[in-house]
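See structure below.
Computation of the quantities below employed the complete heavy-atom set of this structure, encompassing side-chain atoms and omitting hydrogens, waters and symmetry-equivalent molecules. All residue numbers refer to positions in the sequence shown, counting from 1.
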Amino acid sequence: METLTLFMTAAVIAGGGIYWFVCVLGSAEQKGKRAADLSGGSISAEKVGDKYKQYWSFFLRPKEIEKPSQVPDFVDTFYNLVTDIYEWGWGQSFHFSPSLPGKSHAAATRLHEEFAVDLLRVGPGNKILDIGCGVGGPMRAIAAKSGSNVVGITINEYQVGRARIHNVKAGLDSLCEVVRGDFLQMPFADGSFDGAYSIEATCHAPKLEDVYGEIYRVLKPGAMYVSYEWVTTGVYRSDDPEHVEIVHGIERGDALPGLRRFDEVAETARKVGFEVLQEKDLARPPNGPWWARLKMGRIAYWRNHVVVSVLAKLGIAPEGVVEVHDMLYKTAEHLTRGGETGIFTPMYMILCRKPVN
């Protein structure tokens, strides 16, 4: 009888713990996506593991991810694998922001997004483009602040569906539209937009010139474009093994054909025809470290990894999700080291204008 009582007590405690982790506590950061709903995006559950292996196989053939024809499948596979985990563990804005004194992570993120509105000088009646919109976190913040109509483009069909759901919930579906497409060949006519922005998105392009050229094409004369770019800084040394390993770790864990140098950004923008009005690393002081949230979240990552592992064992989460979560944890370590050493920034800002003539 005592054995049965002990067994039942243990079962209740274990069940309560799982319920608390999954249904009550949810993610360590956000509660918009439940752990029990983690999936492989548009990938069927039984194929998530195979797709994860396929993703890593790209890095065994590095020349393949330099080809524009290969990039859409490469990036699409990555975002099918990580979108739910990003939403669950990070939020609806798939980017970093500087740490700001007295501001929460959510508030700092929104201010970082709204800064783009001030730079673009757009308002009600304007139509602006979000290049690489993800599930639309920045889009909704920018639409709400500016009153502009925002069109987002993403390569990933699953993200299109998620973004539309969030737009409706936020009451912003009349201002926000999402389309599936390749930002290297966008389905928009020349001169369609009054402004454009990209937040940590064009890093997925094998050649920055190609995506900047497309953005230039779809903007109206006189329209502004602002981008937050992932780049190596002037501190990076290609002959330093630690620097090289950090950069390769970031590239492998974030579906990047290759990180660019900070001084290539403005040069490329001018090459396609833009006037460069401003460039600045938004990670520099007085802004606080953007990687602080990654360091503070290490316990949360461990907890989430336990949750994902349990769900996979129970057959609730697809096989392969554990490996994807582990990959993102290791990538967070590389990103943190990139920030601490000063060799990498995810927010090198460039403000451009398409000439009137």
Exercise. Can you name the one residue among I131, I350, L351 that meets side chain to side chain contact (heavy atoms under 4.5 Å, CB included) with S227?
Worked result: I350
Any side-chain heavy-atom pair from [X] and [Y] closer than 4.5 angstrom?
{"X": "H243", "Y": "T232", "answer": "no"}
{"X": "I155", "Y": "H204", "answer": "no"}
{"X": "V321", "Y": "L311", "answer": "no"}
{"X": "F94", "Y": "V82", "answer": "no"}
{"X": "E113", "Y": "K145", "answer": "no"}

Exercise. Given the rule in the salt bridge (Lys or Arg N to Asp or Glu O under 4.0 Å) test, do E333 and K330 qualify, once you have shown the distances and angles that lead to the verdict?
Worked result: CA-CA 5 Å; E333 293 289 324; K330 292 175 181 175; over 6 Å; no
For this session: State, to 0.1 Å, how close S146 and V117 come at their nearest heavy-atom pair, and which atoms those are.
Result: CB-CG1, 3.6 Å
For this session: Measure across T233 and G342 and return the closest heavy-atom pair with its distance rounded to 0.1 Å.
Result: OG1-O, 2.5 Å
Using the ring centroid of each side chain, check whether [X] and [Y] are separated by less than 6.0 Å.
{"X": "Y212", "Y": "Y225", "result": "yes"}
{"X": "F78", "Y": "Y55", "result": "yes"}
{"X": "W290", "Y": "F344", "result": "yes"}

For this session: List the steps and the verdict of salt bridge (Lys or Arg N to Asp or Glu O under 4.0 Å) for E245 and R252.
Result: CA-CA 10 Å; E245 176 54 31; R252 290 191 298 266; 3.1 Å; yes
For this session: Answer yes when R337 and E340 have at least one side-chain N-carboxylate O distance shorter than 4.0 Å, and no when they do not.
Result: yes
Seminar exercise, completed: Residue pairs passing the side chain to side chain donor-acceptor pair (under 3.5 Å) test with at least one member in residues 115-133, sequence neighbours excluded, are D130-Y197
Seminar exercise, completed: Checking R261, E229, E279, R260 against Y348 for side chain to side chain donor-acceptor pair (under 3.5 Å), the one that qualifies is E279
Exercise. Mind checking who shares a hydrophobic cluster with L100, ILVMFWY linked at side-chain heavy-atom distances under 4.5 Å?
Worked result: L111
